[in-house]
Protein chains: 2
Amino acid sequence: MDVAKAENPQSSAQVAREVARMILTGVWREGTTLPREIELASRFDVSRTSIREALSLLKAKGLIASKQKAGTHVRARFDWNMLDEELLNWTLSALPTQEFAKQILEVRRIVEPEACAICAARGTDEDFARIERAYRGMDAAGMDRVAYAEPDLQFHRGILIATGNDFLIAFGATVAAALRMSFDLSSTNPGAPRKSLPYHRTVLDEIWARNPDGARQAMHKLMDLTEQNIVTAMSRQKKKDTKDTEDENARTRRAR
Amino acid sequence: MDVAKAENPQSSAQVAREVARMILTGVWREGTTLPREIELASRFDVSRTSIREALSLLKAKGLIASKQKAGTHVRARFDWNMLDEELLNWTLSALPTQEFAKQILEVRRIVEPEACAICAARGTDEDFARIERAYRGMDAAGMDRVAYAEPDLQFHRGILIATGNDFLIAFGATVAAALRMSFDLSSTNPGAPRKSLPYHRTVLDEIWARNPDGARQAMHKLMDLTEQNIVTAMSRQKKKDTKDTEDENARTRRAR
DNA sequence: AGAATTATTATGTCAGACATATTTTCTATT
DNA sequence: AATAGAAAATATGTCTGACATAATAATTCT
């Protein structure tokens with residue numbers, strides 16, 4: 001009966017999300033020409049305005065490009081701005097693969113220890129105090145993984161901010177996505193996050209001591225731990241997925 | 001008489017560029033509420049549609065955020081996605097400061113040597129061949145700085161691509177901006193780019209040799225050279241700017 | 001067969017209207 | 001007078017329909 005006589009709220013954001021998902025999951029591959037805007041409008045049951053607003057967002061993130069008459073096509077993967085926060089989140093919910101985890105950890109390993117060293121070398125006491133506050137927040141959260149997540153991000157962001165380098169600060173989006181992934185995975189092992197607390201303490205101590213080498217090394221250790229948690233959580237997940245599939249198959253076999 | 005009865009071509013992109021410039025140069029500071037869309041439309045003499053399209057682009061890059069009734073405001077610097085290619089280019093043309101150069105070089109120094117090591121460790125021969133082709137292109141360009149620029153970018157991009165890491169690949173946008181900056185600065189010293197050729201050769205040799213440590217070190221040397229070129233070019237530029245200002249002042253003095 | 005012209009079409013821009021969500025203002029109550 | 005609640009105001013969000021523009025596809029002519 002179509003009760004929704006009201007206009008579609010946040011339609012453009014929803015469409016953007018959905019189109020992004022279809023691109024990320026390969027429904028629309030690189031080089032593919034998307035359906036025309038009017039077609040998309042009828043398909044998503046929103047106005048062309050909302051479609052255009054959505055596509056405009058994806059254009060800004062390098063996912064697509066448009067040309068008059070020729071249509072809108074999916075750009076090459078190389079042009080996608082994977083360091084964009086929204087795009088990272090979309091990827092995270094569409095394809096939270098092991099490969100994705102591996103890659104994001106690889107860049108963190110490259111960037112964060114160095115950022116940490118720079119932080120120790122030239123951060124201000126104010127910067128350090130902000131990181132210290134974040135640490136206290138983590139400590140106060142105890143075993144509550146939900147409450148732990150936010151100050152954890154603030155801790156890592158604080159270090160990036162302390163570098164005073166706008167590009168390293170922008171890297172915070174990537175760290176945020178990585179932590180969100182870790183959080184999602186920690187559901188199978190709720191105690192894991194808390195275990196990182198002493199590692200954070202060491203990082204912070206080295207920073208306060210204005211010891212770049214020590215800070216770098218401490219952050220590296222933290223990265224090691226993070227990797228360990230992710231790997232074990234994902235193998236567990238994989239095992240569970242496999243089991244689920246087997247169960248599913250068994251059910252299917254029984255059904256026929 | 002207003003001959004321009006035709007509609008405004010590419011108005012949204014132009015508006016986006018201009019609004020971005022005003023934000024980047026601090027005309028509209030962080031937290032500032034922008035004029036309402038209708039006001040902007042009349043100010044830029046385009047339709048509200050084009051304004052919205054432009055703002056949508058800036059929203060995607062984290063520069064602004066909107067809320068119904070409350071209006072559109074400039075987000076905190078921390079939220080700006082400085083690793084976005086367009087945003088980098090806008091910054092480059094609006095504020096090509098020494099600070100900007102310093103920061104972009106600092107991240108390159110962190111990322112590129114490591115990427116280079118990864119490239120040497122696990123890049124494919126195809127990857128290497130692509131980088132080799134780029135090198136040949138640089139060599140063929142000789143002293144022509146314009147012809148040199150494109151393969152130079154392909155060289156660095158090739159290394160990032162060879163890592164197979166989507167996030168490192170996305171970092172290519174930052175490298176592109178950095179090289180464009182170097183190019184702009186090389187006008188005062190046209191011979192400088194070519195001098196980097198042997199350094200590139202060394203990088204490539206270490207990669208072919210699948211020697212990660214050597215590749216890392218070679219890339220580090222290349223970064224050193226790049227920094228040197230930028231510093232000398234900028235101090236020269238600065239001197240020139242100062243002189244220009246003095247000349248300007250002298251002319252003003254004479255005029256009154 | 002190939003070049004030049006015309007027709008087609010998907011995106012880009014414009015205009016005006018209404019919906020929605022806040023904020024602001026006003027009113028009534030304690 | 002202070003405060004809570006109701007009503008008005010308003011900037012963004014969405015919808016509709018139209019025309020402009022540029023690139024492609026089809027057609028005509030040489």
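Computed from a predicted structure; not experimentally measured. A, B, ... follow the sequence lines: proteins, then strands. Residue 1 opens every chain.
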Find the distance [X]:[atom1] to [N]:[atom2] and express it as a whole number of Å.
| X | N | atom1 | atom2 | value |
| --- | --- | --- | --- | --- |
| Glu53(A) | dC15(D) | CD | C1' | 12 Å |
| Glu39(A) | dT9(C) | CD | C1' | 15 Å |
| Leu40(B) | dA11(D) | CG | P | 12 Å |
| Ile38(A) | dT11(C) | CD1 | P | 8 Å |
| His73(A) | dT11(C) | NE2 | P | 11 Å |
| Arg52(B) | dT14(D) | CZ | P | 7 Å |
| Ile51(B) | dG12(C) | CD1 | P | 17 Å |

Thr49(A) side-chain N/O to dC15(D) phosphate OP1/OP2 under 4.0 Å: no
Contact under 4.0 Å: Thr72(B) side-chain N or O vs dT12(D) OP1/OP2: yes
hbond_proxy Arg48(B) side chain to dG13(D) base (donor-acceptor, 3.5 Å cutoff): yes
Nearest-nucleotide comparison on DNA chain D, the residue closer to the 5′ end among Arg36(B) and Ser12(A): Arg36(B)
Ser50(A) vs Leu34(B), nearer the 5' end of DNA chain D by closest nucleotide: Leu34(B)
Sub-4.0 Å heavy-atom contacts from residues 54-70 of chain B onto DNA chain D, ordered by number: Lys59(B), Ser66(B), Lys67(B), Gln68(B), Lys69(B)
Side-chain heavy-atom pair Ile118(A), Glu106(B) within 4.5 angstrom cut-off: yes
Asp127(B) and Thr124(B): side chain donor to acceptor below 3.5 Å: yes
Distance-only polar pair, side chains of Ser66(A) and Thr72(A), donor-acceptor under 3.5 Å: yes
Contact summary for Thr188(B) and Ala233(B), nearest pair of heavy atoms: OG1-CB, 4.4 Å
